[in-house]
Amino acid sequence: MKMYKSTSNGHFRIRSFCSPEEIRTYTFNDQFGTHAHYKSLYTKRESLEKNASEPDANVTLALTDNDEIIGFGVLIYPEPDERWTRLGSRIMMEVKAIEVSRARRSLGVARSIVKMLLSHPQIEEKIVYMVGYSWTWDLDGTKKSTQQYRRMLIRLFEPFGFLEYQTNELNICLKPENIFMGRVGQNVSKEIQHKFKWLRFGIYS
Amino acid sequence: MRYPKEVVLKNKKEAVIRPLETEDESKLRSFYAAIPEKDRWYIRYDVTNPLVIKKWIDAIGTGTIYAIVAVVNEKIVAHASLHMREFGSTQHVGRLRIMVMPEFRHQRLGTWMLLDLIQLAMDKGLNDLRADFVVGVEDAAIDAAYKLDFFKSAVLKEYVKSPRGIRYDLQIMIKRLHRSYGDF
C-alpha cells in the first residue's frame, strides 16, 4: 500500500509492507547515523531489509521522489526471549522503530508512517505496543526535553488507539520518563486482555 | 495523565490508581482511621480530624496539591500527594507524601504511586522533589526512595519524637528531575 504526503518541504510517498528486495533499491538518508548526542535507531538499510523478511512484518518507508528513505517505521513480533511473547504465539507486535530524518521532521511524516504501519490486515487480532526508552530519543535534534519528547510520542500514538500502560518491565522502569503504550485490537478476547494486564506486571501462567 | 490506571501488585491483587475526588471524603476518613496509630503519629497533620480530610478534599483542583489514591474493592488502600508552592524561592520544589495501608506495603503499590507523582512533577516543570522520612521507622520507604533516585540531602539529628519520647533522625531526601541528558 502507498499514500502520498505533500508538505512544505517536499512531496513524499509512504509505502507499507516493503519487501527486502524493494528496500534494497532505495538509498538511506545519510542523517540516519551517529550524531553528537544521538544515534539513529537504524543506521544501515540492511537492518530494515532483515526486519522486512520476518513473518507478518510491516516495514513502512517514507520516500522522496529520488527513492531516498527519509523515514521508516517497523512493526514486527518481539524477540523470542521478550516477556511479551508469553501472551501466546504471534499475539503481540511491537512498533520496533519509527524515525524521520532530522531535516524532514515536524511535517507530519511520522503520523503518516504510524497510520500505514497500522494498516496491517490482522491489526484487530493483535495487541500492538511501543516502548519509548528516553535514552534513545533525539533531544538535541528536536530541541525538546525528555518530558516534551514523551508527550510528543503520546500525541503521535494516541489518535491511533494507543493507551499508556503501567508495567514492571525492568528496562522501562529504569527511568520514569520511559513509556509503554499499547493498542488492543477489537477482536482480542477478554481473556487475552486480562492476561495482558497480568503480563505487564510479570505474572504469567 | 490517563486515569484510572490498573496495577497488579506483587501478591497478585489488583489495584486502581486514580486522582482523589470530592466524593472520596468518607472513604479517605475510613482509610486514615484504619492506619495504625504508630504510623499516624509521624504524619504532619492529625488525620483523625475530619477537618484535615475536608481541607485536603477542598484542595482538589486548586493547583497546589495533587492527590492520588489507590483503590481495591471500592476501598482506598493508599493515598499519595504532591504539594507545590505557587511562588517564592521553593516553587521549583515539590513535596511528596504517601501513606499505604500496612497490608499493601512491600507490594510495589507505593512505588507505582510515587512514579505517577514524579511524572506529574516533571509535567509541571518542577526541578526537585523532596520527601522526608523518619529513620528507623520509615526505612522501607527510604529504600524505595533510593530506588527512585532520591538521595539523602540532609539529616536532622534526633529531630522527631515517638509517642514514648524516643528521638529519631529525620532524613530529607531529594530527587532531581532532569529535563534532558545535558543535565546529567
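Letters A, B, ... mirror the listed sequences (proteins, then strands); counts begin at 1.
With values rounded to the nearest 0.5 angstrom, A:Cys173 atom SG is found 9.5 Å from B:Leu148 atom CG. The CD atom of A:Gln166 sits 6.5 Å away from atom CG of B:Asp116, with the distance rounded to the nearest 0.5 Å. Distance check: B:Lys5 NZ to A:Leu163 CG gives 11.5 Å after rounding to the nearest 0.5 Å. With values rounded to the nearest 0.5 angstrom, B:Glu6 atom CD is found 12.0 Å from A:Trp198 atom CH2. Summarising the geometry, atom CG belonging to B:Asp123 is positioned 11.5 Å from atom CD belonging to A:Glu177; distances are rounded to the nearest 0.5 Å.
Shown here is A:Lys197, whose NZ atom has more than 12 heavy atoms of other residues, nucleotides or ligands within 6.0 Å. For B:His83, the NE2 atom is densely surrounded, since the number of other residues' heavy atoms within 6.0 Å is greater than 12. More than 12 heavy-atom neighbours from other residues, nucleotides or ligands sit within 6.0 angstrom of CZ on B:Phe104. Within 6.0 Å of atom NE2 in A:His194, more than 12 heavy atoms from other residues, nucleotides or ligands are found, so the atom counts as buried in its surroundings. For CZ of A:Arg151, the number of neighbouring non-hydrogen atoms (other residues, nucleotides, ligands) closer than 6.0 Å is greater than 12.
Interface remark: A:Asn168 contributes backbone and side-chain atoms alike to the contact with chain B (heavy atom separation under 4.5 Å). Heavy atoms closer than 4.5 Å to chain B are found in both the backbone and the side chain of A:Tyr165. B:Leu9 touches chain A through its backbone: at least one of N, CA, C or O sits under 4.5 Å from a heavy atom, while the side chain does not. B:Lys12 touches chain A through backbone and side chain together, each having a heavy atom under 4.5 Å away.
Listed by first and then second residue, the side-chain hydrogen bond (donor to acceptor under 3.5 Å, both in side chains) pairs involving residues 138-147 of chain B are B:Tyr146-B:Gln171 (not counting sequence neighbours).
Residues B:Gln119 and A:Gln147 bring a donor and an acceptor atom of their side chains to less than 3.5 Å of each other.
Under 4.0 Å is where a charged nitrogen must lie from a carboxylate oxygen, and between B:Arg2 and A:Glu158 no such pair does.
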